[in-house]
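Keep in mind that the numbers below use all heavy atoms, side chains included, and drop hydrogens, waters and symmetry copies.
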Amino acid sequence: MKKAQYHELNSNPLQLHIHPLISFILGAAMATACILLYISANPGSNPSSSSNPNPMELSANWTGASNPETVNQGVTGEIKEEVLQMEVKEAASTGEGTNTTSELITTTPAPEAYDPYKELVEVLKKAANEDNTVILTQINEAFAKPGSLLDLFLESFHAGENIERLLNHLVVVTMDQNAYDRCKSLHPHCYFMRTEGVYYNNEKTFMSKDYLDMMWGRNKFQLTILELGFNFLFTDVDVLWFRDPFRHISLAAHLAISSDVFLGDPDSVSNFPNGGFLYAKSCNKTIEFYRFWQEGRERFAGRNEQEVFNAIKSEAVSQMKVRFQFLDTAYCGGFCQLSKDLNKICTLHANCCVGLGNKIHDLRGALDDWKNFTTKSYDERRWGNFHWRVPGICIH
């Protein structure tokens, strides 16, 4: 019987191969079922080191993330970075979209800190000479109108002896928009000094509140110029220029100021000063004095800056050691003490004269006298005994 069965089995070769295959499949299925049963029973366990890692887990381990949300951010950030780099390369190769990509990859610069003196410094730098010195004058709309003081002032530079070049160093400070616009039409260096809630576009009555505010504001502005590191020669716009006055200003002086009345000694505080024409050197001593001068407005309430200067000049010299020079009226004169010699005169100030119309009238006459004088020969000017036409309304 056994031989018969053996014979029967061997008589069918296919059957001999099927039995081992079935056994293998059944064994593999059982092993797989055991593994699945183990995993379902232990969901928190780690797979063996030979199993393939989950892409999310790999990303988390690389980026140091410990939760799915961080993992997603890390993957998204990497993708964005790769896309951005591709856009940059593409823009560089095609020349398109350059502005867009540069905005994406560049950091916006921090805004510059506000500098209230930026515009002023730019104007001063353009006008300053090699010694950082500027000439300053100040006007409002009334002084800037055609035929008014500004026209006479500028005309005198053109009519003077080799001083037209000084206009390159002149800064005209304007108090209102109309004055600024007129200045820009005549001169390259104009600065609009804006004042909050105060209007200085018309003539101010001498010693009125607005007049005092304007004059003390001018004095404070001069202090600012010094603090910014610029020397200046300030001139009222009712001053005619005929020759270069710098030749008569001492290098040793901290401040040189014109005189209503000059008594002969440029160092004497007995002279009567006039703040409408003064030179100030930018240094610690001069800045200290200007601050002291500003404080004098409270000490001497109701007085203008020129009166306060006269009150504190002795104290400034004796205690602060400020060196003043009082300018000789023979060279830097005015209507108060008229220089008679046209061969010496450098500037002529319409001081001791109240009223815009009166100033214009007498300054026009003086400028015409000067022009007549300059048409003469050297000998005629030297010995011709020329004088101003007097009396005028103020000039005498």
Side-chain angles (χ1 to χ4, degrees), residues 117 120 124 128 131-138 173 193 206-207 209 211-236 239 245-334 336-337 347 349 351-352:
Y117 303 117
L120 173 59
L124 293 172
D131 296 325
N132 231 30
T133 300
V134 294
I135 302 170
L136 299 174
T137 193
Q138 186 170 314
V173 181
M193 187 173 73
F206 182 69
M207 296 305 292
K209 181 182 181 303
Y211 174 86
L212 292 174
D213 288 342
M214 183 172 68
M215 301 307 291
W216 280 108
R218 183 181 79 178
N219 184 264
K220 187 174 182 179
F221 180 76
Q222 292 173 356
L223 170 59
T224 299
I225 301 297
L226 296 173
E227 291 173 333
L228 291 173
F230 293 87
N231 314 307
F232 68 81
L233 195 164
F234 177 82
T235 169
D236 273 343
V239 176
F246 283 99
R247 295 177 298 174
H248 301 284
I249 294 175
S250 171
L251 295 175
H254 294 120
L255 188 145
I257 189 167
S258 63
S259 309
D260 279 342
V261 179
F262 180 71
L263 301 177
D265 180 0
D267 299 323
S268 174
V269 293
S270 298
N271 294 297
F272 294 88
N274 188 299
F277 190 87
L278 66 87
Y279 167 83
K281 181 187 300 181
S282 180
C283 63
N284 292 336
K285 187 70 70 176
T286 312
I287 291 172
E288 181 186 5
F289 168 72
Y290 255 86
R291 291 171 180 166
F292 179 62
W293 194 357
Q294 276 283 308
E295 293 170 358
R297 184 178 187 182
E298 293 185 4
R299 290 175 58 192
F300 305 95
R303 299 191 186 183
N304 64 26
E305 89 296 349
Q306 183 172 303
E307 292 173 326
V308 172
F309 181 96
N310 207 37
I312 66 174
K313 60 186 179 182
S314 296
E315 187 178 352
V317 171
S318 61
Q319 298 183 21
M320 301 177 67
K321 307 304 179 184
V322 179
R323 292 191 298 270
F324 293 132
Q325 177 192 6
F326 296 90
L327 297 173
D328 189 340
T329 52
Y331 302 102
C332 299
C336 294
Q337 191 176 36
T347 60
H349 190 183
N351 52 9
C352 294

Do F234 and V173 pass the side chain to side chain contact (heavy atoms under 4.5 Å, CB included) test, and can you show the C-alpha distance, the side-chain angles, and the key distance before you say yes or no? CA-CA 11 Å; F234 177 82; V173 181; over 6 Å; no
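- For the pairing with F309, the ring-ring contact (aromatic ring centres under 6.0 Å, His included) check across F289, Y290, F292 returns one residue only, F289.
- Here the CD1-OH distance, from I135 to Y279, works out to 11.5 Å after rounding to the nearest 0.5 Å.
- Between T286 and V322 the shortest side-chain heavy-atom distance does not fall below 4.5 Å.
- Ring centroid separation for the pair H248 and Y331 comes in under the 6.0 Å cut-off.
- The local environment of CG in N284 is sparse, with at most 12 non-hydrogen atoms from other residues, nucleotides or ligands closer than 6.0 Å.
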Verify side chain to side chain contact (heavy atoms under 4.5 Å, CB included) between L124 and N132, making sure each step is shown before the conclusion. CA-CA 9 Å; L124 293 172; N132 231 30; over 6 Å; no
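- Annotation: the span from T235 atom OG1 to H349 atom NE2 amounts to 7.0 Å, rounded to 0.5 Å.
- N231 places a side-chain N or O within 3.5 Å of a backbone atom of S282 that can act as its donor or acceptor partner.
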Show your reasoning for whether side chain to side chain contact (heavy atoms under 4.5 Å, CB included) applies to Q337 and S259. CA-CA 9 Å; Q337 191 176 36; S259 309; 5.6 Å; no
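- Contact check for L233 versus P245: side-chain heavy atoms found under the 4.5 Å cut-off.
- Expressed to the nearest 0.5 Å, how far CD1 of I287 lies from CG of L226 amounts to 5.5 Å.
- C332 SG to I249 CD1: the interatomic distance, rounded to the nearest 0.5 Å, is 6.5 Å.
- Here A311 pairs with F300, R303 under the side-chain contact (heavy atoms from CB on, under 4.5 Å) rule; sequence neighbours left out.
- Side-chain contact check for N219 versus Q222: some heavy-atom pair is nearer than 4.5 Å.
- Side-chain atoms of E307 come within 3.5 Å of backbone atoms of N304 as a donor-acceptor pair (strictly under, hydrogens ignored).
- Here the straight-line distance linking atom OH of Y117 with atom OG1 of T224 works out to 4.5 Å at 0.5 Å rounding.
- Here the side chains of L136 and F230 are not in contact, with every heavy-atom distance at 4.5 Å or above.
- Scanning both residues, S314 and V269, for their nearest heavy atoms gives OG-CG2, 3.6 Å.
- Counting only heavy atoms from C-beta outward, the side chains of F326 and D265 never approach each other to under 4.5 Å.
- Closest heavy-atom contact between K313 and P273: NZ-CD, 3.9 Å.
- Exactly one residue among Q325, K321, R323 makes a side-chain contact (heavy atoms from CB on, under 4.5 Å) with H254. That residue is R323.
- Taken to the nearest 0.5 Å, the NZ atom of K281 stands 6.5 Å off from the CG atom of L251.
- Residues K220 and D213 are not paired through a salt bridge, judged by the lack of any N-O separation under 4.0 Å between the basic side chain and the carboxylate.
- Between L327 and L278, the closest side-chain pair of non-hydrogen atoms is not below 4.5 Å.
- Annotation: F272, atom CZ; neighbour count of heavy atoms from other residues, nucleotides and ligands within 6.0 Å does not exceed 12.
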Working note: R297 + V308, criterion side chain to side chain contact (heavy atoms under 4.5 Å, CB included); need CA distance, chi angles, decisive distance, verdict. CA-CA 7 Å; R297 184 178 187 182; V308 172; 5.8 Å; no
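- Applying the salt bridge (Lys or Arg N to Asp or Glu O under 4.0 Å) test to pairs two or more places apart or on separate chains, those with a residue in residues 224-236 are R218-D236, E227-R291.
- For K285, the NZ atom counts as densely surrounded, since its 6.0 Å shell holds more than 12 non-hydrogen atoms of other residues, nucleotides or ligands.
- When side chains are defined from C-beta on, F324 does not count as touching I257, because their heavy atoms never get closer than 4.5 Å.
- With hydrogens and angles ignored, the 3.5 Å screen pairs no side-chain donor or acceptor of D260 with any backbone N or O of C336.
- Taking 4.5 Å as the limit, every side-chain heavy atom of P266 sits out of range of all side-chain heavy atoms of D328.
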